[in-house]
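Bear in mind that the values here come from a model prediction, so they are computed numbers and not experimental data.
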Amino acid sequence: MNDSHPLCYNRNDKLGGSSSELLEKCIVFKVYKRRWFILFVLCLLNCSNSILWLTFAPVADHSAQFMGVTLDQINWLSMIYMVVAIPLSFGTTWMLDTLGLRITLVLGSWLNMLGAVLRFVGIMRNLPSAANFPVVMGGQTLCALAQPLVIFTPTKLAALWFPEHQRATANMIASMSNPLGILIASIFSPMIVGTTNNIPLLLFIYAVPAAIICLLATVGIRDSAPPTPPSASAESSNSEPFLEGIKLLLRNKAYMILLLCFGSGIAVFTCFSTLLEQIMCVRGYTNDFAGLCGGLFIVFGIVGAGFLGLYVDKTKKFTEVTKVNMSLSALACIAFSVVSQMRNQGIAVAVACSLFGFFGFSIYPVAMELSVECSYPVGEATSAGLIFISGQIQSVIYILLLQGLTKPMAYSPFSTCSVGGDAALSWRVPVLVMAGLFSVFTCCFVIFFHTKYRRLDAEAQAVLHSDKQNCTPLSRHHTDNTGR
């Protein structure tokens with residue numbers, strides 16, 4: 001079945017140095033079956049990297065006991081992703097927009113694999129116990145180096161390889177592989193660990209897929225872009241130099257509002273995923289139940305993203321969808337902050353987590369597409385990447401702030417936290433602050449964000465120009481059935 005649509009436009013080239021002589025050149029757009037393989041590898045890599053990111057968060061207490069460190073040190077195994085990503089993200093956006101998709105993905109897969117292997121080596125018994133945590137942190141840092149190389153890629157891949165009517169769906173599929181990895185870590189880390197003696201098995205199981213994905217990326221991805229572009233915007237995807245693109249973004253009011261407000265949303269989702277087990281165990285909820293809630297958060301987020309991706313591809317209502325879902329996410333976050341501090345409210349907690357995921361996680365790919373629409377012709381990696389950087393910076397601030405607001409509980413008879421001789425921590429104030437911050441930034445976004453869809457307008461102008469010039473395509477926009 002032909003999964004593309006006919007489209008072409010004129011591009012005028014000068015002949016013989018005479019400005020009056022113009023050649024009307026018809027560009028034929030084509031899509032290639034191998035785009036699905038590249039998308040598949042990216043999904044696997046994104047999923048693996050997020051598994052490695054949150055390996056320890058669902059079993060933070062067991063991990064701390066096994067390696068003989070504090071819970072704050074275990075939290076740094078997740079936070080190192082944010083700290084490393086902030087300075088490297090600018091280089092990553094330049095790499096994607098300048099060196100291309102293939103080099104970025106292959107390098108990311110190798111860093112991901114080496115980090116996963118080093119983490120496993122770090123907890124082997126022949127190492128001194130004092131070296132366990134530093135070596136594991138070294139491996140986690142390598143994995144963190146891979147994250148910006150991977151997580152900025154969906155928007156770029158969708159723009160370069162997919163036609164206009166498939167971009168949001170492709171971005172959704174690639175972006176949702178990241179929370180799928182969080183889901184796997186949330187469910188399987190508690191199941192595999194069981195007792196602290198199974199930490200080595202956990203790290204080995206997570207290292208094997210990273211090695212396989214590295215092989216697939218290195219051998220299977222051969223090109224950064226297709227020989228023939230799938231759309232008018234893809235034909236001029238790198239039209240703005242990197243530094244010039246940064247300047248344009250900083251002067252773009254709509255983009256800056258999206259940068260700050262949706263970056264706050266990313267920070268809240270990161271805090272939720274990283275601290276969920278610690279927030280819930282003090283009220284008597286087990287690690288397994290916390291893992292289930294994290295799983296529901298992701299599953300419903302993926303389901304919501306599936307619906308939104310298809311809906312936005314058909315309607316192009318990027319702004320409306322983002323505003324509505326961010327508002328509903330804020331309400332779900334408020335509900336979670338209240339019910340998570342009550343005992344014996346498992347159903348209410350699970351429902352709040354499910355709704356938070358359904359309305360919250362699902363808007364990530366839509367918001368990334370919206371960032372491209374409001375900033376075109378700036379490179380896709382640059383516009384999406386800066387929002388991710390904003391989210392990482394705010395994530396570090398939020399996690400440190402929330403940890404600083406915790407207070408030791410003098411009496412906690414129902415706590416299931418494994419904190420050694422330390423007192424259990426109260427998270428009542430931190431979760432309310434988290435919900436409040438998210439609500440404030442959501443209100444700012446709903447009220448102040450307005451934009452034109454610049455990329456869609458540019459493509460519409462290209463079609464209009466083609467019609468005016470009576471350009472007849474050399475062949476219909478089609479799928480390359482050879483798979484090349």
Side-chain angles (χ1 to χ4, degrees), residues 46 50 81-97 104 147-159 167-168 171-172 174-176 178-179 237 240 242 245-271 273 301 305 308-309 312 318-319 321-323 325-326 329 360-398 437-438 440-442 444-446 448-451 453-455:
N46 209 349
S50 62
Y81 267 64
M82 307 161 211
V83 174
V84 168
I86 292 168
L88 290 182
S89 293
F90 290 100
T92 301
T93 56
W94 172 85
M95 180 181 294
L96 261 173
D97 284 334
T104 304
Q147 188 193 42
L149 298 173
V150 175
I151 209 164
F152 294 176
T153 307
T155 307
K156 189 72 172 179
L157 174 64
R167 281 197 302 245
N171 198 350
M172 177 272 296
S175 297
M176 285 300 101
N178 183 274
S237 179
E240 291 294 337
F242 176 72
I246 295 289
K247 294 177 183 178
L248 290 174
L249 292 178
L250 294 177
R251 295 195 295 263
N252 188 328
K253 178 183 176 182
Y255 179 83
M256 294 305 296
I257 293 173
L258 182 64
L259 178 85
L260 293 174
C261 296
F262 191 70
S264 175
I266 293 175
V268 169
F269 301 143
T270 301
C271 290
S273 301
L308 284 187
V312 170
F318 299 97
T319 301
V321 165
T322 305
K323 286 185 176 183
N325 272 47
M326 281 190 69
S329 299
F361 246 127
S362 60
I363 56 174
Y364 178 82
V366 177
M368 292 298 101
E369 285 292 304
L370 179 59
S371 72
V372 177
E373 292 294 342
C374 74
S375 62
Y376 185 83
V378 176
E380 297 84 6
T382 303
S383 56
L386 288 187
I387 290 179
F388 177 78
I389 294 170
S390 171
Q392 296 296 76
I393 293 174
Q394 293 185 65
S395 295
V396 173
I397 295 172
Y398 282 20
L437 288 170
F438 189 29
V440 168
F441 278 101
T442 297
C444 291
F445 180 78
V446 171
F448 298 112
F449 182 83
H450 305 282
T451 187
Y453 300 151
R454 300 184 179 187
R455 181 171 62 176

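- Distance check: Lys253 NZ to Leu258 CG gives 14.0 Å after rounding to the nearest 0.5 Å.
- Note: Ile387 CD1 to Ser375 OG = 7.5 Å, rounded to the nearest 0.5 Å.
- With respect to Glu373, the side-chain contact (heavy atoms from CB on, under 4.5 Å) criterion is satisfied by exactly one of Arg455, Arg454, Met368: Arg455.
- Taking CG of Leu149 as the start and CG of Leu88 as the end, the distance is 8.0 Å to the nearest 0.5 Å.
- Of all non-hydrogen atoms in Met95 and Thr104, the two that sit nearest each other are CG-OG1, 3.4 Å.
- The side-chain contact (heavy atoms from CB on, under 4.5 Å) with Asn325 is formed by just one residue from the set Leu308, Thr442, Val366; it is Leu308.
- With sequence neighbours left out, Tyr398 forms a ring pair (Phe, Tyr, Trp, His ring centres under 6.0 Å) with no residue at all.
- For Phe269 and Phe361, the distance between ring centers is under 6.0 angstrom.
- The closest side-chain heavy-atom distance from Asn178 to Val150 is not below 4.5 Å.
- In terms of heavy-atom proximity, Asn171 sits nearest to Pro365 at ND2-O, 3.7 Å.
- Side-chain contact between Thr322 and Phe449 is absent, with no heavy atoms from C-beta onward closer than 4.5 Å.
- Thr270 places a side-chain N or O within 3.5 Å of a backbone atom of Ile266 that can act as its donor or acceptor partner.
- Lys156 places no side-chain N or O within 3.5 Å of a backbone atom of Ala384 that could act as its donor or acceptor partner.
- Side-chain atoms of Val396 and Val83, non-hydrogen and from C-beta on, do get closer than 4.5 Å to each other.
- Rounding to the nearest 0.5 angstrom, the gap separating the SG atom in Cys261 from the CE atom in Met256 is 10.5 Å.
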Chi angles and distances behind the side chain to side chain contact (heavy atoms under 4.5 Å, CB included) call for Tyr255, Leu386: CA-CA 10 Å; Tyr255 179 83; Leu386 288 187; 3.1 Å; yes

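- The shortest distance between side-chain heavy atoms of Met326 and Phe262 falls below 4.5 Å.
- Between the OG atom of Ser175 and the CG atom of Asn46 there is a distance of 7.0 Å, given to the nearest 0.5 Å.
- Judged purely by atom type and a 3.5 angstrom limit, Ser264 has no side-chain atom pairing as donor or acceptor with the backbone of Leu260.
- Judged by distance alone, the side chain of Ser383 and the main-chain N or O of Val378 form no donor-acceptor pair under 3.5 Å.
- Across all non-hydrogen atoms, the minimal contact from Glu369 to Ala158 is OE2-CB, 4.4 Å.
- You'll find the side chain of Thr451 reaches within 4.5 Å of the side chain of Leu370, heavy atoms only.
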